[in-house]
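We name chains A, B, ... by the order of the sequence lines, and we start the count at 1 in each one.
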2 protein chains.
Amino acid sequence: MIDTEKTKKPRGRPRAFDLEAALTKAEALFHARGYDGVSVANLSEELGINPPSFYAAFDSKAGLFARVLERYAASALPLDRILQPGRDPAEALADLLETAARIYAATPSARGCLVLETVHPSADEVPTTAAEPYRTASHALIRDFVAATRPMRAEPAADLVDVLLSGLSARAREGWDADRLVASARASAKALPAVLAD
Amino acid sequence: MIDTEKTKKPRGRPRAFDLEAALTKAEALFHARGYDGVSVANLSEELGINPPSFYAAFDSKAGLFARVLERYAASALPLDRILQPGRDPAEALADLLETAARIYAATPSARGCLVLETVHPSADEVPTTAAEPYRTASHALIRDFVAATRPMRAEPAADLVDVLLSGLSARAREGWDADRLVASARASAKALPAVLAD
DNA sequence: GGTATTTTGTAGTGATCGATACAGAAAAAA
DNA sequence: TTTTTTCTGTATCGATCACTACAAAATACC
């Protein structure tokens, strides 16, 4: 039996908790209450991990948040699937907005986008700087998708979509239900053809 | 000389600081760093008011924030001036968006809307509930303005404007300059005619 | 002047923050 | 079995949080 990957056991005492399960719970907590709204004591209790084990596994609260963000960004909004090259820009971006609206309102305890909601003002600048790369990556993805067909309109179009996604996320946080949010997403998508026109 | 109002002196030791000036400084601090980002110790130092005087004047940090919000809502975005009855809805709302964009990006240390930015996940729920009345009031004002001419489209139009204002505020927080934000506001306003059409 | 009332500055309160010291327990390696 | 390594739980750390007890100071009223 060949060791595929993580099967080889490390040397010391084995970890007593499931790391992936811990990350999932941590993501739910951060999404529900934000970085500052979740204390290490909260995490320790809800994940069932005592502080020393917590710090051994994640280095710090910021370290855990970084790993949570990484997971979230890879699983939340399937940007690459929606923004398929060759697809009509206006239609694809409208689809993106509507899909985002659905996701943002889907889970009552995790409304909005974890990345977009991690923004100033915050008591701590750690979460904001941790989330920044994902915001710029999302912007770049949208811009490059538009640039393939409308290079001169790529930046303003990406800016507009940034505004709309941020707005949808904020109102999802406010408690809007999926229908209301999706309706607003569709209404806002009507601005897309104009910004994409030469 | 007739006492107009506040001229009649109270009985005890007079207050040693200017209350209005204190509120102005507190507003700047809350706008720059958010409710959770400003501690009572910060306020005490920057306003030059020791904690006992602070609590005698404002009751609590939340009490000060409530008074700051009241001032801000009355002075920030002149909704009533922009949403004049009789004005063309699409044009008035476009004006509102552009004006908001200008204001949100005007002061680098106070980007975005103080009310709208007080919805992002926070350690404390006090600021969010304190700002809620102002958010609903703004929504109602926009809805009623539209209802005067397009009653059936008032709610979805107000929802769309809510999304756009939240989005503009969020991106202003991100550091966008006025030109970029105004351009996005204008682009987003292109969605207004459709949502206002019967 | 004397008294009542309010604000003032000094110096704290207990609670909670993120993060750790320490020693025992559980595994692999020797 | 002994050694080495890593994780475990207990019991904190100093810093900071929002907030106050207390007595002196400063005013208006009598």
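Annotation for Glu70(B): atom CD does not count as buried by contact number, only 12 or fewer foreign heavy atoms lying within 6.0 Å.
At whole-Å resolution of the value, CD in Glu45(A) and C1' in dT16(C) are 14 Å apart. The CD1-C1' distance, from Ile49(B) to dA18(D), rounds to 16 Å in whole Å. Nucleotide dA15(D) holds its C1' atom 14 Å from the CG atom of Asp124(A), rounded to whole Å. Rounded to a whole Å, the CG atom of Asn42(A) is 15 Å from the C1' atom of dA19(C). For Leu43(A) and dT16(C), the CG to P distance is 16 Å, given to the nearest whole Å. Straight-line distance from the CG atom of Asp36(A) to the C1' atom of dC17(C): 11 Å, rounded to whole Å. Atom C1' of nucleotide dT10(D) and atom CZ of Phe54(A) are separated by 18 Å, given to the nearest angstrom.
Residues Thr24(A) and Arg71(A) bring a donor and an acceptor atom of their side chains to less than 3.5 Å of each other.
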Please write out each protein N/O paired with an N/O of nucleotides 3-7 of chain C under 3.5 Å, distance rounded to 0.1 Å.
from: dA4(C); atom 1: N3; to: Arg11(B); atom 2: NH1; distance (Å): 3.4
from: dT5(C); atom 1: O4'; to: Arg11(B); atom 2: NH1; distance (Å): 2.9
from: dT6(C); atom 1: O2; to: Arg13(B); atom 2: N; distance (Å): 3.0
from: dT7(C); atom 1: O4'; to: Arg13(B); atom 2: O; distance (Å): 3.1
from: dT7(C); atom 1: O2; to: Arg13(B); atom 2: NH1; distance (Å): 3.3

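Here the side chains of Ile82(B) and Arg87(B) are in contact, with some heavy-atom distance below 4.5 Å. Residues Trp176(B) and Leu168(B) fail the side-chain proximity criterion, which asks for heavy atoms closer than 4.5 Å.
Nearest-nucleotide positions on DNA chain D for Lys61(B) and Pro52(B) put Lys61(B) closer to the 5' end. Map Ala41(A) and Asn50(B) each onto its nearest nucleotide of DNA chain C; the residue landing nearer the 5' end is Asn50(B).
Under the 30°/60° scheme for interplanar angles, the aromatic rings of Phe65(B) and Phe30(B) are found to stand perpendicular.
Side-chain N or O atoms of Ser166(A) include one that pairs as donor or acceptor with a backbone N or O of Asp162(A) at under 3.5 Å.
Between dC17(C) and Ser39(A), a contact under 4.0 Å exists linking OP1 or OP2 to a side-chain N or O. Taking side-chain N and O atoms only, Tyr55(A) has a distance below 4.0 Å to OP1 or OP2 of dA19(C).
Within the 4.0 angstrom heavy-atom criterion, no nucleotide atom of any strand lies near Val126(B).
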Item to check | From CA spacing to verdict: side-chain contact (heavy atoms from CB on, under 4.5 Å), Leu97(A), Ser188(A) | outcome: CA-CA 8 Å; Leu97(A) 292 171; Ser188(A) 71; 3.9 Å; yes
